[in-house]
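Side-chain atoms are counted along with the backbone in the values below, which use heavy atoms only and exclude waters and symmetry mates. If you're wondering where the values come from, they're calculated on a predicted model, not measured in any experiment.
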Amino acid sequence: MKELDAKSYDCAAGCPVEATLDLIDGKWKAVILYHLLGDTIRFNELGRRLSRISQRMLTRQLRELETADLIHREIYPEVPLRVEYSLTPLGRSLEPVIRSLWVWGNSYLETRRPSPRAVNGASASAPRAS
């Protein structure tokens, strides 16, 4: 992950957007943050919720979010080891952004879903040749 503190931004009009995207870039980080909005979640539960992510990628994304101080990792010295993740106050401050992404994405997907007519066969509505 890029170190935001070390990175210099030219602070043009899009600078804050660039800085935000540097924190939550990639396929999984915003989705991880979305799942953590509700509560503290254990590593394996996150893995189940994100069924298409590899354990290695999940670990990497969680470490990057932790380095950015967006999530907190709590290790419980038990057998077996228990690791839980939660949002930090900084991570929690992204809630409106994450929820806006969900709303926009849901709306986008709704407009892209095929109509029932198309699913049941578009030819049913087309005129038939005699």
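- Atom CD1 of Ile53 and atom CH2 of Trp28 lie 5.0 Å apart (nearest 0.5 Å).
- A chain of hydrophobic side-chain contacts below 4.5 Å, direct or via other Ile, Leu, Val, Met, Phe, Trp or Tyr residues, connects Ile75 to Ile71.
- Heavy-atom contacts from other residues, nucleotides or ligands closer than 6.0 Å to CD of Glu110 number more than 12.
- Between Arg49 and Ile41 the shortest heavy-atom distance is NH1-CD1, 3.2 Å.
- Every residue meeting the side chain to side chain contact (heavy atoms under 4.5 Å, CB included) condition with Ser54, not counting sequence neighbours, appears here in chain and number order: Arg56, Met57.
- Across every non-hydrogen atom of Leu36 and Arg92, the tightest pair is O-NH2, 3.9 Å.
- Among residues two or more places apart in sequence or in another chain, the side chain to side chain contact (heavy atoms under 4.5 Å, CB included) test is passed with Asp39 by none.
- The neighbour count for Arg52 CZ, taken as heavy atoms of other residues, nucleotides or ligands under 6.0 Å away, does not exceed 12.
- Rounded to the nearest 0.5 angstrom, Leu70 CG and Ile32 CD1 are separated by 11.0 Å.
- When all heavy atoms are compared, the tightest approach of Leu101 to Ala30 is CD1-CB, 4.5 Å.
- Between the NZ atom of Lys29 and the CD1 atom of Ile24 there is a distance of 9.5 Å, given to the nearest 0.5 Å.
- To the nearest 0.5 Å, atoms CZ (Phe43) and CG (Leu81) are separated by 11.5 Å.
- Side chain of Ser107 to main chain of Val103: no donor-acceptor pair is present (N/O by atom type, distance under 3.5 Å, no hydrogens or angles).
- Among pairs with a residue in residues 77-90, those fulfilling side chain to side chain donor-acceptor pair (under 3.5 Å) read Arg73-Tyr85, Tyr76-Glu84, Glu78-Arg82, Arg82-Glu84, at least two apart in sequence or across chains.
- One finds the CZ atom of Arg60 at 11.5 Å from the CG atom of Leu65 (value rounded to the nearest 0.5 Å).
- By the side chain to side chain contact (heavy atoms under 4.5 Å, CB included) test, Arg112 is found to be paired with Tyr108, residues two or more places apart in sequence or in another chain being considered.
- Two residues are said to be in side-chain contact when any heavy atoms from C-beta on lie closer than 4.5 Å; Leu62 and Glu66 fail this criterion.
- Taking Leu21 as the reference, Val17 meet the side chain to side chain contact (heavy atoms under 4.5 Å, CB included) condition, with sequence neighbours excluded.
- The structure places CG of Asp69 at 10.0 Å from CG of Leu23, a figure rounded to the nearest 0.5 Å.
- In this structure, His35 has no side-chain hydrogen bond (donor to acceptor under 3.5 Å, both in side chains) partners at least two apart in sequence or on a different chain.
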